Amino acid sequence: MGDIMKKNPEESKNEFIVKAKDLAANQLHFDWDNVSWGRGVTFYKYSNRNCKKENKRNLSSEFCEFVKAYIYSFYLNNFSKAQEVIKAFRLIEIALLKFSDKADITKLNHVILDEAILEAYQLFIPATVQRIYKEIKVINDFLCKKEIVSVHVKTWCFKLEKYNNSDVKQNQSAGDDKNSKLPDLRVIEFIGRVFRSENKSPRDVFTTSIFALLLCAPSRISEVMNLNEDCLITIVDSNGVERHGLRFFAAKGFGYSIKWIPDSMVSVVLEAISRLKALSVNANTISVIISNGEVDLYKKLNKKPFDSMIITDLKKLGFDYKLINLSKECMAFINKIDKGEVSVKFFWNYINKKDVKNDFSGKTNSHYTKGKLVVLSYNQLNTVKGDDIFTSIKGTKNFMKSEFQNKVKERNGYLNIFERHKTENDNLESLTFNSHQLRHLLNTLAQRTKLSEIEIAFWSGRKNINHNNNYNHVTDDEMVAMSRKLLMNSENDLEVISKPLNSTSIDKKFIEMTMGALRLKSKGLKGQAKLAMLARLIAFRNKLEDNLSEGSKNDNQVS
């Protein structure tokens, strides 16, 4: 009887597609049949990057329906991830059509999956093939779980070619373009001046505050945008000193963590968080009202549904709209409230109607913004259209990215932060900057200290310490110079410190010869061998620091 009721693969596939299409049909402004769902999510067959749009072909009809159902069900909110998954499906389709005249996902087997990976090697570099392989494994597991393909296909695996990502992004020498991943110090100085200035627009406050948070710990921009309102923590260490940190959800699988803030940056971070909270008062108020529900609104105002609202009710709810550039619609609605023409029930319906997120997930804006630090009212950073205080949207990296775009078209015609402050701007229009450069900068500064590789990885929210090297821009020459500097009292003082630990003298020529030999040897190495050599250099430097530090203490005791 169980065998009779069991669905065949075709039925299981169709059931999954129909369920997804039914959910999509209930979403406003959603066109399932469109070949493009926006933000780069398109359902075309594989084609060369330079292929014109009119020459692109759609995925096979039935195959495309399944791909759309899969993307809609799992990755509609993550457009970059959706593009990676579609890339994997394109290769699966190529492999299916090699063995049949129809791209039928239910016919997937080990041979076809092998062929998909072989096709990937023909089209992409090994690092991309690894990502595609992981996505295909996830897709395959789902197909087996839903019984869309035979269960034995779950055992499929493919032995990928050995690929060592430690060979990528090696430290560059002083003569190379080593600053390509590091920020121009002029940009940091400029943002610092704007941060300290008195006359700042909401957009200036937003940009400089996010910049400050990125400088306090090596973070990704998405991690900062996802900080909670209560992210700042303070503890007292064993020495009775207060230490400050930020609760982060580190991306790429590291998970929740605390990133400790250097003492020199604490005051800056406190000010940045305070400004962001002030900026998001109205957006947070809307999130709380909608999340708490309609009944709670009546309780707060101590009114019945059809009682009229008055202007003081907005203040009672927590709104602050003084000295704000309000939109025309928002001003008109506030005037209606002032005249007593708006009931509490109408107000509730009004803010709920606006609380819609256009990503077809079914979740409203308030779901994503409640309790977050970086939230804004709609058009709050737009001085032309004006602020709508009865809406709430979550901050995204695009707000930050547009502030440093040079091309007018890329930022929709608005002035970037350099153009808004021409009087403070010293020919900065030609500079390029992205938020990830600050992560590289802080990691490089950490490498110049005595922090261990594990400590640097933990501070950065990184699972694999081998990836530290990708963010380490301390050159070989610089490491030699730092070690030499340890032997001197100051940069201009050439007198060698001659009384280290146990009164054992340090031979300057021996140190220079040793460091020079190691440096030359490291240049001829690659991969793990070079990493090991760099580790030896760092260990040697640390040992010198310890000896010199101990020797200095002994000198002081003697004197």
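Just so it is clear, the structure is predicted and the values come from calculations on it, not from any experiment.
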Whether the Thr369 and Ser287 side chains hold a donor-acceptor pair (N or O, under 3.5 Å, no angle test) is what I'd like checked. yes
Just by distance, with hydrogens left out, do Asn365 and Lys394 show a side-chain donor and acceptor under 3.5 Å apart? no
Does a salt bridge link Arg186 with Glu189, judged by any charged N lying under 4.0 Å from a carboxylate O? no
Would a 4.5 Å heavy-atom cut-off, applied to side chains only, mark Leu215 and Val268 as touching? no
Centre-to-centre under 6.0 Å for Phe433 and Phe418, is that the case here? no
Any chance the side chains of Ser201 and Asp204 put a donor and an acceptor closer than 3.5 Å? yes
Can you tell me how the ring of Phe63 sits relative to the ring of Phe89, calling it parallel under 30°, perpendicular over 60° and tilted otherwise? perpendicular
For a 4.5 angstrom cut-off between non-hydrogen side-chain atoms, does Phe206 reach Glu403? no
With a cut-off of under 6.0 Å to the ring centre and 45° to the axis, is Arg275 in cation-pi contact with Phe195? yes
Please find the pair of heavy atoms, one from Ser209 and one from Leu276, that lie closest to each other, and give the distance. CB-CG, 3.7 Å
Is it true that Lys300 and Asp313 make a salt bridge, defined as a side-chain N closer than 4.0 Å to a carboxylate O? no
So for atom OH, which belongs to Tyr378, do other residues, nucleotides or ligands contribute more than 12 heavy atoms lying within a distance under 6.0 Å? no
With a 3.5 Å distance limit and no angle check, can you tell me whether Ser219 reaches the backbone of Ala217 through a side-chain donor-acceptor pair? yes
Taking the six-membered ring for Trp, are Phe79 and Trp37 ring centroids under 6.0 Å apart? no
Heavy-atom closest pair, residues Val281 and Gly318: CG1-O, 3.5 Å
Can the positive tip of Lys21 be found less than 6.0 Å from the middle of the six-membered ring of Tyr72, inside 45° of the ring normal? no
Counting only N and O atoms by type, is there a donor-acceptor contact under 3.5 Å from the side chain of Ser291 to the main-chain atoms of Val288? no
Between Lys354 and Glu329, is the closest basic N to carboxylate O distance under 4.0 Å? yes
Trp32 versus Ala24, closest heavy-atom pair with distance: CE3-CB, 3.7 Å
Is Ser197 reaching over with its side chain to a backbone N or O of Val194, donor-acceptor style, under 3.5 angstrom? yes
Can you check whether Ser36 reaches Tyr44 side chain to side chain, under 4.5 Å on heavy atoms? no
Can you check whether Glu84 reaches Lys87 side chain to side chain, under 4.5 Å on heavy atoms? yes
With a 4.5 Å cut-off on side-chain heavy atoms, are Asp296 and Tyr298 touching? no
Polar contact flag, side-chain donor to acceptor under 3.5 angstrom, Thr207-Arg420: no
Is there side-chain contact between Arg439 and Leu214, with heavy atoms separated by less than 4.5 Å? no
Closest contact, heavy atoms only, Glu135 versus Ala88: CB-CB, 4.0 Å
Quick one: are Ile389 and Phe319 in side-chain contact, heavy atoms under 4.5 Å? yes
Can you tell me if Thr364 and Asp355 form a side-chain donor-acceptor pair at under 3.5 Å? yes
Donor-acceptor list for residues 137-146 side chains, cut-off 3.5 Å, not counting sequence neighbours:
residue: Lys137; atom: NZ; partner: Trp156; partner atom: O; Å: 2.8
residue: Asn140; atom: ND2; partner: Val153; partner atom: O; Å: 3.0

Hey, does Phe248 have a side-chain heavy atom less than 4.5 Å from the side chain of Val224? yes
Rounded to the nearest 0.5 Å, what separation is found between the CZ atom of Phe390 and the CG atom of Asn282? 8.5 Å
Regarding Ser327 and Asp388, do their side chains bring together a donor and an acceptor under 3.5 Å, going by distance alone? no
Can you tell me if Lys200 has over 12 outside heavy atoms packed within less than 6.0 Å of its NZ? yes
Taking every heavy atom of Ser402 against every heavy atom of Arg203, the minimum-distance pair comes out as OG-NH2, 2.8 Å
Do the side-chain N and O atoms of Ser80 and Asn78 include a donor-acceptor pair separated by under 3.5 angstrom? yes
